[in-house]
Structures are given as structure tokens and as C-alpha cells.
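Chain A is the first sequence line, chain B the second, and so forth, proteins listed ahead of strands; every chain is numbered from 1.
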Protein chains: 2
Amino acid sequence: MAEQAPRRTTRQRAAVAAALGQCEEFVSAQELHARLRTDGERVGLATVYRNLQSMAADGEIDMIRRDDGEAVYRACSTDHHHHLVCRVCGSTVEIAGPAVERWADRVGAEHDYAEVSHTVELTGVCASCR
Amino acid sequence: MAEQAPRRTTRQRAAVAAALGQCEEFVSAQELHARLRTDGERVGLATVYRNLQSMAADGEIDMIRRDDGEAVYRACSTDHHHHLVCRVCGSTVEIAGPAVERWADRVGAEHDYAEVSHTVELTGVCASCR
DNA sequence: CACTCAAATGGGAATGATTGTCAATTTCGC
DNA sequence: GCGAAATTGACAATCATTCCCATTTGAGTG
């Protein structure tokens, strides 16, 4: 495991963690910052970035990248699922894919990779758009 | 499959494809642009971006994102596969995942989505980076 | 509690990849 | 060869993310 640098508990760090905990879906640092501001918490944008990064580095939260390259975060333990997105109308269906989870773990093990996480996106054309 | 917009064969497009073909590893648009310039090919940076994007959209090349979010490309073997990328050193392993293919098709069918395609990215930490 | 000092913060400026703009150029079917 | 439509190039504009640095704050210590 990566060594964990000293971390202090600050009002801002707690606020970031709390706000993230209330999000079901992945959120970007920008979105989280806006949300905090709305909630009346005054936290600098740079601070949101720094905290999200260190929390991700410590494994406290998940970080993945959206299609456009923007980093998005999610509190761990929120239940994990994927999406099936319609290419035409954009409607989405949430997919629970235990099969994929197992597959990902197995592939990681086969190639001796640790801490394997995965991103899965399905796109298609939904019934009403055909 | 996704509809392919009309594409013309231009000197620049060929140059981009050729340069990419000579790279073993993944390269970013910026790197490829620099390489082209070194080779004496005059191709605009925006053009490199546009071509890489359209080639990726057409499935002619692979596109993934490095840890820092920068998009990197690589000429891909024709057959469909996924990647297992090391979060630390960036080394990649190609994964053939018949299991995922079948899973994706089944999920699409269950929700009545047609022309389902999928994106799967696995990231972890490889043995030598631990 | 008062004290100390490194960690943490904030916010504005800087960075750097990517995208937009639009006139000029090039491709390709006819 | 012609003309419409795609493509290009140079540069400006975006926008997430990082840097900088003066100021604040957490948390041991005596």
C-alpha cells in the first residue's frame, strides 16, 4: 500500500467528505465545489481539488475519468453499477453487473495487477428511438 | 455500428495514420504532432486532434486516457479487445474478453437496446510497481 | 492554556490540453 | 475541368487543474 502522508482534519476536509457522501453518482471537483457553495460552506476550489486527490490517493474514495477526461469522484461503498446509454436520446438504464465485477477481478489476478478497478460503458439505441 | 461520416483521404490524414503506425506505445496528440513536425510533415495541431478523434470514432485506432487525463492513442490490431492499464507506470496489457462481449450483448437485449457497443477499461497496479 | 511550526487554506494567476472559428484550400463525383 | 462539401491551418477561446504564496489553523508540547 502507498504510504499515507500526514493528514489533518479540517473543517474543509470534512465538508468535502460529507458533501461527497451525499452524492449518489460520480461528481467532478467543480460540481462538488458548486454544491458546497450552495450549501453555504465556504471552501476554496483548490482545496476541493487537493482534498479529493489526497482522499483518492488514500483509497478513501473512488476516482475515474469521464469520457471528456474530467475527473469524477465517488464515495466508496456507494453501490457500484454501470450504465447503458442511448446514443440517440441519451436516456440511461442502470446496470448491476456482478458478472463484470468478477471478470475484472479475475483478469487482474491473471496478469498480477493489484487494486484493479474498472470502467464500463454500454451504448446502444433504445427501443423508442428506432 | 455507428454510422461513419464521409471521410476523405488527405495528405495530413495519411501522415497522422502513418506516424501513429510507427509508434509502439500510446502517444498523445501533442506528441504525435511534435513527431510529425520532426519528420518534416507540416500538419496543424488542430488537424492532428481532429483526425485522431475521427479515427478513434471509426474504430481505426484505440484511445484511452492516461492517469493525468491526457488522451493517448495507438494504432490497434483490427480485432476487438480491451486494456488493463497500470495506474503507476502506464504499461498496458491487451485483454480479449469474450465474456464481456457476451455480457454486453445480453444486457442490451434485456433492455431492448440495439447496436450495443461497449467501452471497458481496467486499471490496477502491476507487479513491478508494487 | 500559551506557544510553535508544519500542514492546510484561499484565491487569483498560470498552465496546458483540447476545442472553436472561419477564410483558404483540397478532394471527389460528375 | 467544375463546383459543392469536406478539410485544413493558424490562432483565439475554453476550461479543468495546478501553482504560488501570504495567511490561517490543527495539534502536539511544556
Say whether Met63(A) and Met55(A) are linked into one hydrophobic cluster, either directly or through other cluster members, by side-chain heavy-atom distances under 4.5 angstrom.
yes
Do the non-hydrogen side-chain atoms of Ile64(B) and Val85(B) ever get within less than 4.5 Å of each other?
yes
NA contact type, Gln30(B), heavy-atom cut-off 4.0 Å: base, sugar-phosphate, or nothing?
base
Rounded to whole angstroms, how far apart are CZ on Arg66(A) and P on dT17(D)?
9 Å
Starting from P on dA16(D), measure out to NE2 on His33(A) and report it in whole angstrom.
12 Å
Does a side-chain N-to-carboxylate-O contact under 4.0 Å join Glu31(B) and Arg35(B)?
no
For the pair His82(A) and His118(A), name the ring-plane relationship: parallel under 30°, tilted 30 to 60°, perpendicular over 60°.
tilted
Of all nucleotides in DNA chain C with an atom under 4.0 Å from a non-hydrogen atom of chain A, which is the first and which the last going 5' to 3'?
dA6(C) to dG11(C)
Quick one: does Glu94(B)'s side chain get under 4.5 Å of His83(B)'s, heavy atoms only?
yes
Any heavy-atom pair between the side chains of Leu52(A) and Ile61(A) that's under 4.5 Å?
yes
Could you go over nucleotides 22-24 of chain D and give all protein N or O partners under 3.5 Å, atom names and distances?
none

Assess, by modelled atom type and distance only, whether the side chains of Arg66(A) and Ser28(A) contain a donor and an acceptor separated by less than 3.5 Å.
no
Could you tell me whether Gln12(A) contacts a base, only the sugar-phosphate backbone, or nothing, with contacts defined as non-hydrogen atoms closer than 4.0 Å?
sugar-phosphate
Whether the Tyr49(A) and Gln30(A) side chains hold a donor-acceptor pair (N or O, under 3.5 Å, no angle test) is what I'd like checked.
yes
Is the shortest heavy-atom distance from the side chain of Val48(B) to the side chain of Gln12(B) under 4.5 Å?
no
Does Thr10(B) or Ala29(B) map to a spot on DNA chain C nearer the 5' end, using the closest nucleotide for each?
Ala29(B)
Could you verify whether a donor N or O on one side chain and an acceptor N or O on the other, from Thr47(A) and Arg50(A), lie under 3.5 Å apart?
yes
What integer distance in Å separates Arg7(B):CZ from dT8(D):P?
10 Å
Regarding Ser28(B), tell me which of base, sugar-phosphate or nothing describes its non-hydrogen contacts under 4.0 Å with the strands shown.
nothing
What is the distance from CZ of Arg65(B) to P of dT17(D), rounded to the nearest Å?
11 Å
Path from Val93(B) to Val100(B) over hydrophobic side-chain contacts below 4.5 Å:
yes
Look at the side-chain N and O atoms of Arg11(B) and state whether any lies under 4.0 Å from the OP1 or OP2 oxygen of dG9(D).
yes
May I have the distance from Glu31(A) (atom CD) to dC15(D) (atom P), rounded to whole angstrom?
14 Å
Sub-4.0 Å heavy-atom contacts from residues 38-53 of chain A onto DNA chain D, ordered by number
Leu45(A), Ala46(A), Tyr49(A), Arg50(A), Gln53(A)
